[in-house]
Structure formats: structure tokens, C-alpha cells
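Working notes, structure below.
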Protein chains: 2
Amino acid sequence: MFSDTPAIGKSNAALHPAAAKRVSIKDIARLARVSHSTVSRALRESPLVNPETAEKIRRIASDRGFRASAVARSLATNRTNTIGVVVTSIDDPFVAEVVKGIEDEAILHDYSVFLANCHADPEREMKVVHSFEDRRVDGIVVTASRVGALYAPVLERMHIPIVLLNNQHPSQFAHSILIDNFEGSRQAVAHLVSLGHRRIAYIGDRFGHGSDSERFSGYRAALDEADILFQPDLVVHGDGKAEGGRHAMEKLLATRPHCTAVFCYNDMTAIGAYKTIRAHGLTVPRHLSLVGFDDLPLGLYMDPPLTTVRQPKQDMGRMAMQALLKLIAGTGAEQNLRVAGELMIRQSTAAPLEHASQENQTCHYSSAPKPGRRRK
Amino acid sequence: MFSDTPAIGKSNAALHPAAAKRVSIKDIARLARVSHSTVSRALRESPLVNPETAEKIRRIASDRGFRASAVARSLATNRTNTIGVVVTSIDDPFVAEVVKGIEDEAILHDYSVFLANCHADPEREMKVVHSFEDRRVDGIVVTASRVGALYAPVLERMHIPIVLLNNQHPSQFAHSILIDNFEGSRQAVAHLVSLGHRRIAYIGDRFGHGSDSERFSGYRAALDEADILFQPDLVVHGDGKAEGGRHAMEKLLATRPHCTAVFCYNDMTAIGAYKTIRAHGLTVPRHLSLVGFDDLPLGLYMDPPLTTVRQPKQDMGRMAMQALLKLIAGTGAEQNLRVAGELMIRQSTAAPLEHASQENQTCHYSSAPKPGRRRK
DNA sequence: ACTGGCTTTGAACACGTGTGCATAAAAATG
DNA sequence: CATTTTTATGCACACGTGTTCAAAGCCAGT
């Protein structure tokens, strides 16, 4: 009541005129002639404070551009309103879309997201997870292809809610969001069957890697439903990337009789297949139908645009965040959420060439132009 | 000295056996029979503490899985070791690579990064920037196409170091990293000239948008150097995206005589051009050479792979982070950093068809463009 | 006027860590 | 051994906010 000069709280406040001391809640309190408690309440819209003084306080705070420190608040409340997102690499288009969904949902609930790449490097994974622990994030989303079995115990010890997205090993201590690989690929292959294809190949990921086995099962199921005999030589493996798709496609083109359609583990694999197919002077979908999985933006710009199974990546990101929010709130969230893919039929799939021509001259394109020849 | 039972500090610690209270620095202190100050020093490798006790403390801390709270530390030190990154949308492949570079460099220096999409929405921009301010980030990187002139004053008031990346209006209160648009496009067009092209078109961004004018200048310069008369009707505008590229290319194909090469504002524009070109039954680079800008991964998978000017996106991200670190440290950083692009010659560019086939070749000069006329 | 309840406020403490300063213990120096 | 220097440690406070608790002020009802 007796302090009429609101100017200086710290005696040396004027020492560094450049590094203007940030205005704190106490400064606002002094200006409004109330205690900092009241200011705190006013700004948090507590009903415990007189509407008039609350309004006055808010005006002063706004005038001075005061913004309460989230770090101090976090220390007091033991909540940071912050989550951590671990990804293999943000420049993976799949991951990027997921993260977008997460962040969009997060900001809606006044959460901020820490982003960290781990590059599938165990050491880096540890560092990242520890940094999240240090920062006391309220939750974590992991969008790595595999949850490091290495650092699983670390995660467990932390007692921080965790949601895994499309993770290889949904573990017991974490919740997870998963695309329905089986049903997605079953539909994809069924689509090929409905077009009239009987010799349908599958280019997988590295064996047993990722969701390869589930997608393979879907492939098998679709064949069974159509009473098509499964032929082991129509299954080859790539690496989930374009390069692997290229090589795998080479292998397929080397086996006789040719397949008329190829279902690829994912879009990148299909992209690689395109390249090999073109190099052999063949065209999609005339000679060969192609289906991918993921629905990367990339597929839209292929020639022709790629038929694929769409993963609702952004939605999945949002769902992950929502699950996390439930876990944080203590409301039970579903342990494992399966989300449905959607078959996007574009121009890379069509009916196979006439059966007649296929019978006698399966080699009509076997005299391929020298693949090695390249215009410089 | 007399407390022999290290179990309980808080009397009600056992009330919530599930919500195990986090172990704090004081718990470690009690276990090691020292003050929390000593623990703090030991863990921060201060030379002020006896090596043996330090070792002992570290062992205990490690055993209990103790990790010092970054939020408490931030409150004490007034530094969060945290930066905020504002992007238009993380699912833009350009942005994603930049962010990857930023994060990689950040984690190297024990910084964590907050990621926030603003979707080029002013309201969202404000919300994002405020959240960063609340969280007391040590610095901010903005990778939006434009720095909202709206919130510039807000940024200024915050007194937080800011680095702009490829931003439209490098402003005076912030530092910036910029690609050398002029030199990049000059080289790209010079490359086309060196292949023998004389009728070279330019598909720009929306007029005056982004770096359009700088890239256009480079185009003009290359023409001038080759003594090629600038022809206004060879300049059309897209929207920086595939759709715009498609339409722009349609316009170009409608004008006679045809151009033999097209320099596009960016890769996405070129992607759109591909589509139109194919739709007209023409092939790249046989009928038309195509050059882009950015070097998105996408371009590699085009048929044929796209010649383009590479922006070292990841490096630029790292540079932005390094500049920020310097600013935070108080060491002066360069105000404006220009980084060089690199021409990536791939298969979308080749020599034009023989002049013979271009019967009325004389008309590129004869239809004299009005001399004094200037676009704009 | 007294009681009791309601509204509004401030004092005090907590959150977990870093650090200046004083001091105790140990070592070095005379 | 006495003194000074060095080393190691603890105390106390600061950082900025939230929150419990007590209390003051006000009002209505008797």
C-alpha cells in the first residue's frame, strides 16, 4: 500500500537497459495493486476473483504484453502441455503427414509438440527419449517402423503415456494405432482379380519386416477367395524403397510365364517397379497392372497415377494425439486401434491383355529393348 | 545426519502407490547424504565437487534413473535450450527437409525443437508464435513463404532471436538464410542455351509472389548473355503448384511458334508441365526440355528424371540453426546469408530438335516484339 | 447486535533446480 | 604449530507460477 513507485523491484533492473527484464506476474500485480495470486487467478479466469478487478488486471497485462511463463507453470502444476514425437525421419512423406495430423490436433488442445528424428539409430533413439523425459513431456508418440526393443524398458520406467503408430511390435505397456494391413491388401488384390488378373505377383518388404507379413496374408486371402493357386515364385522381396522395388521387378520380369499384375508392399516399391517396367519398354497398365500401398502424394504424379491403398495418415496422427490426451486425462483409451485403409483406384490398373495372346506368345515383349541403353 | 530412513520425504508418498512420485534431486541428495546443491554440481560436472563423492552421486542417480527436470532448470537459468520452428505445413517436402536439417543440428547442441504448422493462416500464426513466447523458446526459425507482416511487431517485442529461411521479406529485425535465386535460375537457363535452345519459356509463380521476380531476373540475364531477345509471350504464370504448371503449359503450347524448352519456377510447377506435355502426345526432352527449381525428391522419380536447381535444404536448415545459436550466444551472426544452388542435370533436358524440322524458324525474330514494351 | 454465510483477497508455501556466499575441513606454507 | 590457501560442502535464496488456507469485508436473517 505504501509503495507508490511501481518502477523498480530489482535494484539492479536498470543495469542492462538492453536486456529488458521480462515482465513477470509480480510486475502486473504491483501495477494493479493486488497480490500476484489475484493476478494468477484473474488470468486463468478463476471465478474467485471480482469481475471488475479481473478485467482491470487483464487490461494491464495485455497492455504490457504480459504472457505467463509456461515453464514456471509447468513446474507448479506438474504438467507441461507438451508431447514428444519420435520419428525415423521427418523428410519421409508418410511421417510428415502423420506429424501434421498430430500437431493440428495438439494445438487445438493447447499442446505443443517436440519433434525428434531418430534415423533408426538406437543411440539416437535413447538420446531423444531421454531428452523428452528431461523435458517432462506429458506423452509420447512413436512413429518409427520399430519401437526399439532396446529402449522399451526405459519408456516403461518413465511412466509416460505412449502411443505407437503403425509400429511393428505393439507392446503391452503402450497403446497403438494400426492400419488394417490385411484388409487393405486383400481389397487391393481383390480389385486386381476383379479386373481379370490371375497371375498376380507380390513385391514385399524385407522378409518379415514392417507390416510385410500382414500384407502378404491379405494377398494370400484374396487369391484363396478367387480360387487362384498361390505360386511362390510370384513373391519377391524389396526393401520398402524404390531401389528394392526396381530389383524385385527385374526378378519378376525374368520369370516365365509373366505375371499380369503386381501388388507392391508400398508406394515407394511401386515407384521402383515403374522404372524397371519402363526400362523394359513396357507400359503400365497395358502390359502390367500395378498397385501400391500408403497413398503417398508422389503416386498421384506418376504416369499413370498409381492405384493404391490409402492410409489416412493425417487422421491417424490426430487419432494418436486423441488417444494420448485420453491417456493423460486418465480416461481409458482403447489399447489397439485398427484403422481402415481405402482403395484408391487410379490409372495404373486395368484388365490384362487378352488371354488368347497371352497363351501362345507370352514372350511378345520378351525381346525387350536393351535395358542398358540410355540416352545421356 | 539423523534420518536413517531414506524412504519417505513426503509423508503421503505411499498414498498413491501407482502414481509413483518422480525422484527429485533432493531424493538423490538424501540417499547420498549430501545437500541437493552438491548433487546439482556433481551432475553438471562442476569441478567444485570431490571426484569421489561426485562419482558416488552419479552412480546413485543413475541407479535410480534420475533425470534432472529441464523445466526446473529452465526456470532457474532463464534458458530453455529450446527453439520453435514455424512452417506453413510440415507435409511440404521442401519444408520437411529443412526441418530435418534444423533438428539434426539442434540435437547436436542439446536443443529440442518445437514444431508448429501455421497453414499460412494469420490467426494460426499468432497462436503459434504466442505459444512459443509462452514456452520461452531461446530462438525461432520461420520457414513460411512470407513472414506475416501482421505479427512482425509481436516478434520484435519478444526480443527473441529469429532466423528467416527463404523468406519473402527479409526484415530488419531478423536474420535470414536465402537461396541465390538469381544465380540459380541464370545457370539453369544458361544450361538450356548451351544445349542449343533459343526459344526458352518461363513459367513463373503467381506474379511477384515468393521468389518469382528474382528467378525471373536470372532468366532474363541468361537470355541477355546469349543475345537472345526476350519475348514476353514466352512468360506465363502458374501458382507454384502442379495445377498451375499444367494450365501454364497449356497456354505455352497454344502459342506459335512453340518454345523448345521451359524453365519452371519450381519442381511442382514442372511436374504439372509434364502432365500437360504428355497429354498432348509430346515427350520430354525430345520435343520439349524442362527444368525445375528446388530438387524435390519427387523429381527423381519423374519420367524422365527432372533437371533442376538444387536447394541444399538440409544444409540450409542446419545453417539456420547455427545462425540462431550464434545469436543466442550473443556472437554476431551474418545478417543475410545467401546460399548457392546447384544445377542438377538429369534427363529432362536435351538439345532441341534439328532446325530443319522447324521450317519457319525465322520467325523468332521477325515478329518483332514492341521494343519499349515491358511487362508489369 | 450477533451469527453465519458468501465473496474477495493476500500470505505462505510448493514445484525442482542453479548459484552466490559463508564456512568447515583439509592441505599447504611458513 | 600457526597461519594461509585451497578444497568441499551446505545454507539460503532466486526463478515465476499455482494453490491452500486463513481472514477480512460484506450482507442477510434473526
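Every chain is numbered from 1, with letters handed out A, B, ... down the list of sequences. The structure displayed is predicted, hence computed values, not measured ones.
The backbone N or O of A/Val71 lies less than 3.5 Å from no partner atom in the side chain of B/Arg136, so there is not a single donor-acceptor pair.
B/Ile25 places its CD1 atom 19 Å from the P atom of D/dA14, with the value rounded to the nearest Å. Atom pair A/Asn81:CG and D/dT17:P shows a separation of 16 Å (rounding to whole Å applied). In this structure, the CZ atom of B/Arg79 is 18 Å from the P atom of C/dT17, given to the nearest Å. If you measure from atom CZ of B/Arg73 to atom C1' of D/dA14, you get 16 Å, rounded to the nearest angstrom. Separating the CZ atom of B/Arg136 from the P atom of D/dG16 is a distance of 9 Å, rounded to the nearest angstrom. For the pair A/Leu75 CG and D/dA14 C1', the computed distance is 12 Å after rounding to whole Å. At whole-Å resolution of the value, CZ in A/Arg22 and P in D/dA14 are 21 Å apart. As rounded to whole Å, 13 Å separates atom P of D/dA12 from atom NZ of B/Lys26.
For B/Thr77 and C/dG18, the shortest distance from a side-chain N or O to OP1 or OP2 is not below 4.0 Å. In terms of phosphate contacts, B/Ser69 brings no side-chain nitrogen or oxygen within less than 4.0 Å of OP1 or OP2 of C/dT17.
Note on A/Val39: nothing from the nucleic acid sits closer than 4.0 angstrom, heavy atoms only. Nucleic acid contact for B/Val34: sugar-phosphate only, since backbone atoms but no base atoms lie under 4.0 Å from a heavy atom of the residue.
In the helix from C/dA1-D/dT30 to C/dG30-D/dC1, the rotation axis of the first five pairs and that of the last five pairs differ in direction by 50°, rounded to 10 degrees.
Under the 4.0 Å criterion applied to side-chain N and carboxylate O atoms, A/Lys127 and A/Asp121 are not assigned as salt-bridge partners. Under the 4.0 Å criterion applied to side-chain N and carboxylate O atoms, B/Glu133 and A/Arg22 are assigned as salt-bridge partners. The pair B/Asp138-B/Arg79 counts as a salt bridge, with a side-chain nitrogen and a carboxylate oxygen less than 4.0 angstrom apart. Ion pairing of B/Arg318 with B/Asp315 is absent here, as no side-chain N (NZ or NE/NH1/NH2) approaches a carboxylate O to less than 4.0 Å. For A/Arg58 and A/Glu55, the salt-bridge test passes: some basic side-chain N is under 4.0 Å from an acidic carboxylate O.
Nearer the 5' end of DNA chain D, as judged by each residue's closest nucleotide, is the contact made by B/Ser35, out of B/Ser35 and A/Ala76.
Contact detail for B/Tyr111 and B/Ile83: the closest heavy-atom pair is CD2-CG2, 3.7 Å. B/Ser112 and A/Ser131 get closest at one heavy-atom pair: OG-OG, 4.0 Å. Among all heavy-atom pairs drawn from B/Ser74 and B/Thr80, the shortest one is OG-CA, 3.4 Å.
For A/His36 against D/dG16, a side-chain-to-base donor-acceptor contact under 3.5 Å is absent. Between the side chain of B/Ser37 and the base of D/dC11, at least one donor-acceptor pair of N or O atoms lies under 3.5 Å.
Comparing atom distances between the B/Thr38 side chain and each of C/dT17, D/dT17, D/dT9 picks out D/dT9 as nearest.
Atom CD of B/Glu97 sits about 11.0 Å away from atom CE of B/Met316, to the nearest 0.5 Å.
Only B/Arg41, B/Leu48, B/Val49, B/Asn50, B/Pro51, B/Thr53, listed by number, bring a heavy atom of residues 41-53 of chain B to less than 4.0 angstrom from any atom of DNA chain D.
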